[in-house]
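Right, one structure below, let's go through it.
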Amino acid sequence: MKRLYLLGTIPFVGILGGIFFANRVTPYILGMPFILFWLVLWVVLISATMAVIYRLDPANREEPTT
């Protein structure tokens, strides 16, 4: 379970910690300044990370009882 918590901190570090790394305008990637591309990339990666956490969470493996 602690690995899931660690996996959940990756987006936090990527967006907030990466701003200092990505704080520049050039180069342009897909027509966006690098900083904007960095933030958009992490929004997509957060969705993927949360999907992985959902799949790995043992509480979601239980079958519903009807």
Side chains of residues 30-51: which donor-acceptor pairs under 3.5 Å do they make with residues two or more places apart or in other chains?
residue, atom, partner, partner atom, Å
W38, NE1, G14, O, 3.1
S47, OG, V43, O, 3.4
T49, OG1, L45, O, 2.7

Discussion item. Working to the nearest 0.5 angstrom, can you tell me the gap between Y28 OH and T26 OG1?
Written reply: 7.5 Å
Discussion item. Within a 6.0 Å radius of atom CZ on R55, are there more than 12 heavy atoms belonging to other residues, nucleotides or ligands?
Written reply: no
Worksheet entry | Path from Y54 to V52 over hydrophobic side-chain contacts below 4.5 Å | no
Worksheet item: What closest approach, in Å, do T9 and L6 show between heavy atoms, and which atom pair accounts for it?
Response: OG1-O, 2.6 Å
